[in-house]
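Per chain, numbering begins at 1; letters A, B, ... match sequence-line order. Just so you know, these numbers use all the heavy atoms, side chains as well, and skip hydrogens, waters and symmetry mates. These figures come from a predicted structure and were not determined experimentally.
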Number of protein chains: 2
Amino acid sequence: MQFSYYFGYKYRLTFAAKPDMVCPSSGNQNFMKSVVKAQQAEDSAETGAQQIRDAIREAIVERRLSPGTKLSESDVGNLFNVSRTLARAALQALSYEGLVSVEKNRGAFVAYPSPDEARQIFAARRLVEPGILREAAARITPADIAQLRQLLLEEGRLMSERGQTARRAEIKASGDFHLMLAEISGNAIMLRFMEELVARSSLVIALYGQSTASSCGHSEHGDIIAAIENDDLDRACQLMLHHIAHIEADLDLRERKSLGLKEAFEL
Amino acid sequence: MQFSYYFGYKYRLTFAAKPDMVCPSSGNQNFMKSVVKAQQAEDSAETGAQQIRDAIREAIVERRLSPGTKLSESDVGNLFNVSRTLARAALQALSYEGLVSVEKNRGAFVAYPSPDEARQIFAARRLVEPGILREAAARITPADIAQLRQLLLEEGRLMSERGQTARRAEIKASGDFHLMLAEISGNAIMLRFMEELVARSSLVIALYGQSTASSCGHSEHGDIIAAIENDDLDRACQLMLHHIAHIEADLDLRERKSLGLKEAFEL
DNA sequence: ACGCAAAAAATCGTATGCAATTTAGCTACT
DNA sequence: AGTAGCTAAATTGCATACGATTTTTTGCGT
């Protein structure tokens, strides 16, 4: 209706409507089992709403759904072949994560973070990621480091590839680095918080990112791992802060108030 | 059925079912408006599910609802005079905050954090609260300090009083101190996170707290404010860490595996 | 033609109903 | 008497239905 991205959305949802192929891609997707299992572990089978939520979240994080896109309950329900009840539940869930904003009697939209929200998201990351890094470094095992390195490799490989799907996978891998550190820290609560922050960061970058280049400086991730291996925690934290600052520096967070008024033409 | 606390629960819900008297107590309840308003502010009128969610959350945080209490959808719906749909939505919402755990096809229960979860909650607080403190100190105004002091006064007053309601209000006020710092920091995301952590801390203390005394050392709050006023940030952070450690030290986090097995009788 | 008002369509908020799963109670059998 | 197995009750998962609110369209008057 208002966004031509709607077709990308439709495509995605058609694909995601087959619930059996939720995560068919490369193998490092489920690395957070070890912490999460302690928390739910019970039935493994996700309830319908959760599957829909996960599918939509993935679509948002991988930027197949653009900020501002309307997600009407009926549309979502139809596309997943479920009732509005489940669609609504999924959208509500996403609103708690800050990925969609539901406005009373108006509907749900892919979140459109304001510049101020964007700043707060990165401020939060600067606040928590060094701490997570320290916790992670204290508990990290050689196996963990190997897995981190593997993730890096994958990221690099995707970086060199061309095409939309590679770009999307790269975005995901880049975020997964930060998530994996949180996972290693062994704190499920911080992991969940980081998931939220990384997901919302993706939205912010989609909105305000300037460089067409990758979202994360790839080499910086490697440097951080190296510093951890050298037991140079202070340096690792410093690098992490620089890394976050680097991402943020690529944003143009000036308020652009829809530029729909006269300025758009009277320039 | 399994918990005699059920009567307390019923009592509470009967009381809370009158939506007009949600917050009749002392005046400092809505201090987080200034940040939150930017985020929702739109319609002010909460949807029914949100009201129920807030009421139940308050009941949990103030420990009128004990961990493990079953919250069946029909019961909640009946007590608030709404349909199961709304009750369900409220319970789902609370599960995202970690205050209730919903088990598939079995129902919702007031969360019963494991000792490990408890440790993670406090680890998270140690990780973020110093950072929040630093942010808050950088932006704090004399008016903020006055408000903090007022909160302290209120807390002290309630501490000397007797009775259940005073105790509950004291619990709330004690948490509000930490929340107010987050609010002053100006970061709505961190504020929301802290709300979750404080709420879950209340659950943990209810479960594992030993001392019958107050949950928070009252004087420690005052010391932190003083350190902030003296621009001694390092000391303020140190005090904050000590304060959190102090709360945690009052817990008995030994795994008591429902003590239902033989040990309970073969002692 | 343009703007405004009223009707129509679309969409959301909530309640109710039915199928599926879990829990309990009861009978029968060892 | 104790336990296994089966049936019935309770509870959740999900879909459908209806009233309320918002948005769009239509029609009229100027």
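Salt bridge annotation for A/Glu248-A/Arg125: absent, with no cationic side-chain nitrogen under 4.0 angstrom from a carboxylate oxygen. The pair A/Arg167-A/Glu170 meets the salt-bridge criterion, with a side-chain N (NZ, NE, NH1 or NH2) lying under 4.0 Å from an Asp/Glu carboxylate O.
In this structure, the side chains of A/Leu197 and A/Val128 come closer than 4.5 Å at one or more pairs of heavy atoms. Residues B/Ser101 and B/Tyr112 are not in side-chain contact: their nearest non-hydrogen atoms beyond the backbone lie 4.5 Å or more apart.
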Inset, instruction - Could you encode protein contacts along nucleotides 10-20 of chain D as a string, one character per nucleotide from 5' to 3', using B for base contact, S for sugar-phosphate-only contact and - for no contact, with a heavy-atom cut-off of under 4.0 Å? - result: -SBBSBBB---
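Side-chain N or O atoms of B/Glu117 include one that pairs as donor or acceptor with a backbone N or O of B/Ser114 at under 3.5 Å.
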What's touching nucleotides 5-9 of chain C from the protein side, N or O pairs under 3.5 Å?
none

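Here the closest heavy-atom approach between residue B/Arg200 and residue A/Ile189 is recorded as NH1-CG1, 3.9 Å.
Every ring pair (Phe, Tyr, Trp, His ring centres under 6.0 Å) that B/Tyr96 has, sequence neighbours left out, goes to A/Tyr96.
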